[in-house]
Each structure stands twice: as structure tokens, then as C-alpha cells.
Amino acid sequence: MFPPIKVTLRDGRVATIRRARATDAEAVIAQVNEIGGEGVFIHTEKLDVTLAAERAILRKADGRSRLFVVGVIEGRLVASADIARGRLSKNRHTATLGIAIGKEARGGGLGTAMMNAMIGWAKSVGIRKLTLVVFATNRPALALYRKLGFVAEGRLRGQVILRGRPVDELPMALWL
């Protein structure tokens, strides 16, 4: 349902975007914790899951109602993205996504490629609306989402505290 995608990044490196496997659990935890530790890009600061629990999460991403993908460069997992469709009949036409790109892979085109892959998957399973939430201070992510056609659907003022300061969150959506 989601074949691996090879992408040549701006610096010439080749990345592979593929479905996450249960064997990726340890690397996913490390990658998310590394980005979370930066304190300014994602909600999660540290995943509070066991290795077994993360493996179970990755196994449950069936490719029909939920998809979990990773970005790999030179054998190292450097990015992850998760998209989950609404579970109720009233919201099955929607899906929520999140993406986390490691420092060494930012600005090279991997985020764009992963987002395009997630959008393509969403279309293929009949999703009509994608949603995400981004910190208003995350200018690179905002630029990417806007470039892909996402629009802000509101503003949650002071929703998070980043480095001791209140920061707004922007719920964004893309109609497919």
C-alpha cells in the first residue's frame, strides 16, 4: 500500500521514505526524543513508552486507517511521520498528521517529500481533509505547510510555553 520512495536531497544524499516497521521502534524513540529535546518543534519532549509499546504502535499502523513512515539517510533514521484517519463515521473523511525531521535532515527536501507522500496516501484511501497543528514560531514548518496548500483554521494564543515564553499554536488544514 505504501512502496518505498527514494528522494535525492539538495545536498546530493539519497533518502528513503518507507513504512515504519516494528524493528524501527528503538530508532523512532531516539529520533523523536532528540527532536523533542530541542524543545521548540514538537509537543513531545520525551516519549514515555516502552520499546514493546512502541513496537505495538508501529505494528498497528495498518496502512488503511493509520500510516507511520520514516525517512532514512545512509542507514540512519532521521525523520518520522504519522497520519491517522478519524475513527468515527462522522470524521472518517479527515486525518491528522504529525511529522518530525531531525536536525541533520532539515532544509534539504526530505520534509517536503514526506509530506507529499502522506498527502498521496491520504488521497489514495479517500481522506478529504488533512489537519495538523504547528507552533507559530516554527517558521520553516509554516512555510512548508503553506507551500503545500495548508491554511490556518484558527489560532490558539499562548497554547504552549517554549523556553519560558507563551507561543501560539496554529491548527492548519488541507482539503484534498
Closest non-hydrogen atom pair between [X] and [Y], with its separation:
X: Gly63; Y: Val125; value: O-CG1, 4.2 Å
X: Leu110; Y: Ala79; value: CD2-CB, 3.8 Å
X: Ser80; Y: Gln31; value: OG-OE1, 2.8 Å
X: Pro171; Y: Gly154; value: CD-O, 3.4 Å
X: Arg19; Y: Ala61; value: NH2-O, 2.7 Å
X: Leu142; Y: Ala136; value: CD1-O, 3.4 Å

Check whether any side-chain heavy atom of [X] sits under 4.5 Å from a side-chain heavy atom of [Y], and report yes or no.
X: Val32; Y: Ile29; value: no
X: Ile57; Y: Lys60; value: no
X: Lys6; Y: Ile17; value: no
X: Leu130; Y: Thr94; value: no
X: Val28; Y: Phe68; value: yes
X: Glu104; Y: Val78; value: yes
X: Ile127; Y: His93; value: no
X: Leu144; Y: Arg139; value: no

Shared hydrophobic cluster, [X] / [Y] (ILVMFWY, side-chain heavy atoms < 4.5 Å):
X: Trp121; Y: Leu97; result: yes
X: Met172; Y: Leu174; result: yes
X: Val133; Y: Ile83; result: no
X: Val151; Y: Met118; result: no
X: Ile101; Y: Ile42; result: no

Between the main-chain N or O of [Y] and the side-chain N or O of [X], is there a donor-acceptor pair closer than 3.5 Å?
X: Asn116; Y: Ile119; value: no
X: Arg157; Y: Pro166; value: no
X: Thr50; Y: Ala53; value: yes

Salt bridge (Lys or Arg N to Asp or Glu O under 4.0 Å): which pairs involve residues 119-131, sequence neighbours left out?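 Qualifying pairs: Lys129-Glu153.
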Give me each pair satisfying salt bridge (Lys or Arg N to Asp or Glu O under 4.0 Å) with a member in residues 29-40, each pair once, sequence neighbours excluded.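 Only Glu34-Arg76, Glu38-Arg106 qualify under salt bridge (Lys or Arg N to Asp or Glu O under 4.0 Å).
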Start with the C-alpha distance between Thr96 and Leu132, add both sets of side-chain angles, then the distance that settles side-chain contact (heavy atoms from CB on, under 4.5 Å), and finish with yes or no. CA-CA 6 Å; Thr96 302; Leu132 56 81; 5.8 Å; no
For Asp82, which residues count as a side-chain hydrogen bond (donor to acceptor under 3.5 Å, both in side chains) partner, sequence neighbours excluded?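 Per chain and number, Asp82 pairs via side-chain hydrogen bond (donor to acceptor under 3.5 Å, both in side chains) with Arg66.
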Applying side-chain contact (heavy atoms from CB on, under 4.5 Å), name anything that partners [X], two or more places apart in sequence or on another chain.
X: Ala141; value: Val134, Asn138, Tyr145
X: Ala27; value: Leu77
X: Val160; value: His43, Phe135, Leu162, Val167, Glu169

Between atom [atom1] of [X] and atom [atom2] of [Y], what is the distance when rounded to the nearest 0.5 Å?
X: Asp168; Y: Gln159; atom1: CG; atom2: CD; value: 9.0 Å
X: Leu51; Y: Glu26; atom1: CG; atom2: CD; value: 5.5 Å
X: Arg85; Y: Asp62; atom1: CZ; atom2: CG; value: 10.0 Å

Full working for side-chain contact (heavy atoms from CB on, under 4.5 Å) between Thr23 and Leu58: CA-CA 9 Å; Thr23 55; Leu58 296 177; over 6 Å; no
Can you check side-chain contact (heavy atoms from CB on, under 4.5 Å) on Val40 and Arg163, steps first, answer last? CA-CA 8 Å; Val40 294; Arg163 297 186 175 155; 3.5 Å; yes
Matching residue for Arg18 among Asp24, Val69, Ile5 - test: side chain to side chain contact (heavy atoms under 4.5 Å, CB included):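 For Arg18, the side chain to side chain contact (heavy atoms under 4.5 Å, CB included) test succeeds with only one of Asp24, Val69, Ile5, which is Asp24.
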Stepwise, does the side-chain contact (heavy atoms from CB on, under 4.5 Å) test hold for Arg92 with Arg87? CA-CA 6 Å; Arg92 290 223 18 102; Arg87 294 182 295 170; 5.6 Å; no
May I ask you to check whether over 12 heavy atoms, not counting those of Asp11, lie within 6.0 Å of atom CG?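 It does: Asp11 CG has more than 12 such atoms within range.
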